[in-house]
Amino acid sequence: MKRLIGFFADGLPFDGDTIKYRALGGSESAVYYMARELQSLGNEVKVICDGENPGTYDGVEYVHKKDFKDVALTTNFDVFVVSRFYGFFQIPFRSRLNILWNHDILTEQFS
């Protein structure tokens, strides 16, 4: 069954090509590789981030975070994964299941 899976990552700027010419941080790399793998399993995947060049890379759509409110108005995610920045959940969007992927120690900077 094909699902629409969204990710939000608000760390270093990246898109689907960045890893080819510059190292990513650990959190950004985790989102990048997980999004690619979930897409390869037949899911539709959107990554919301501070992307330098929004677009579709290896079947994964990268959307700049400033455009998320437009996406949120028209999209029903099956699963939405927020990487580290739990304050993102204050933005209204539609998702059947929300996941906070927290692989860091929480500090004030992540709110």
Side-chain angles (χ1 to χ4, degrees):
M1 172 196 246
K2 184 176 186 173
R3 289 181 172 82
L4 175 55
I5 301 171
F7 284 90
F8 175 75
D10 195 19
L12 298 172
F14 74 102
D15 56 46
D17 257 359
T18 306
I19 203 162
K20 295 175 185 173
Y21 59 86
R22 179 175 84 224
L24 296 176
S27 299
E28 294 80 17
S29 295
V31 169
Y32 169 81
Y33 285 114
M34 186 64 75
R36 282 186 48 180
E37 288 302 312
L38 288 169
Q39 189 280 330
S40 75
L41 292 172
N43 297 293
E44 182 180 349
V45 181
K46 294 180 187 287
V47 175
I48 314 306
C49 59
D50 190 12
E52 299 159 324
N53 296 300
T56 301
Y57 301 88
D58 298 316
V60 175
E61 182 181 356
Y62 289 80
V63 177
H64 195 281
K65 66 182 183 180
K66 70 176 174 48
D67 298 323
F68 181 69
K69 288 183 182 179
D70 294 333
V71 172
L73 292 173
T74 60
T75 307
N76 291 309
F77 292 95
D78 292 299
V79 178
F80 200 93
V81 180
V82 174
S83 176
R84 305 180 329 171
F85 294 89
Y86 58 85
F88 183 82
F89 287 119
Q90 296 174 15
I91 299 170
F93 63 95
R94 294 182 295 257
S95 174
R96 294 177 58 197
L97 174 65
N98 295 323
I99 298 172
L100 175 60
W101 186 8
N102 201 25
H103 45 270
D104 290 318
I105 297 172
L106 283 177
T107 65
E108 288 296 318
Q109 79 182 56
F110 295 117
S111 58

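Every value quoted in this text rests on a predicted model; they were computed, and no experiment measured them.
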Checklist entry - Where is the tightest heavy-atom contact between Pro92 and Ala72, given as atom of each residue plus distance? => result O-CB, 3.6 Å
Checklist outcome for this item: Sorted by chain and residue number, the side chain to side chain contact (heavy atoms under 4.5 Å, CB included) partners of Ala30 (sequence neighbours excluded) come out as Trp101
Item to check | Sequence-distant partners of Glu61, side chain to side chain donor-acceptor pair (under 3.5 Å), two or more places apart | outcome: Lys46
Checklist outcome for this item: By side chain to side chain donor-acceptor pair (under 3.5 Å), Asp70 pairs with (sequence neighbours left out) none
Item to check | Nearest heavy atoms of Phe85 and Val82, plus distance in Å | outcome: O-CG1, 3.3 Å
Next on the checklist: Can you tell me how far apart CD (Gln39) and CE (Met34) are? Round to the nearest 0.5 Å.
Outcome noted: 14.0 Å
Item to check | Partners passing side chain to side chain contact (heavy atoms under 4.5 Å, CB included) against Asp58 (at least two apart in sequence or in another chain) | outcome: Tyr32, Arg36
Checklist entry - What is the minimum heavy-atom distance between Val47 and Ala35, and which atoms define it? => result CG2-CB, 3.7 Å
Next on the checklist: Between Phe89 and Leu100, is there a side-chain heavy-atom distance shorter than 4.5 Å?
Outcome noted: yes
Checklist entry - Asp78: what forms a salt bridge (charged side-chain N to carboxylate O under 4.0 Å, His left out) with it, not counting sequence neighbours? => result Arg96
Checklist outcome for this item: Nearest heavy-atom contact between His64 and Pro54 is CB-CG, 4.0 Å
Item to check | salt bridge (charged side-chain N to carboxylate O under 4.0 Å, His left out) against Asp15, all qualifying residues, sequence neighbours excluded | outcome: none
Next on the checklist: Return the CG to CG distance between Asn76 and Leu4, rounded to the nearest 0.5 Å.
Outcome noted: 8.5 Å
Item to check | Phe68: ring pair (Phe, Tyr, Trp, His ring centres under 6.0 Å) partners, not counting sequence neighbours | outcome: Phe80, Phe88, Phe93
Checklist entry - Excluding sequence neighbours, so at least two apart, what forms side chain to side chain contact (heavy atoms under 4.5 Å, CB included) with Ser40? => result Glu37
Checklist outcome for this item: Residues pairing under salt bridge (charged side-chain N to carboxylate O under 4.0 Å, His left out) where one sits in residues 16-27, two or more places apart or in two chains, turn out to be Asp17-Lys20, Arg22-Glu52
Checklist outcome for this item: Taken in chain and number order and not counting sequence neighbours, the residues that satisfy side chain to side chain contact (heavy atoms under 4.5 Å, CB included) with Asn43 are Arg3, Ile5, Leu38, Leu41, Val45
Item to check | Taking every non-hydrogen atom, the tightest pair across Asp10 and Lys65 | outcome: OD1-NZ, 2.6 Å
Checklist entry - Between Leu12 and Phe8, is there a shared hydrophobic cluster once you connect ILVMFWY residues whose side-chain heavy atoms come closer than 4.5 Å? => result no
Checklist entry - Who pairs with Phe14 by ring pair (Phe, Tyr, Trp, His ring centres under 6.0 Å), at least two apart in sequence or on another chain? => result none
Checklist entry - CD1 of Ile48 to OG1 of Thr75: how many Å apart, nearest 0.5 Å? => result 8.0 Å
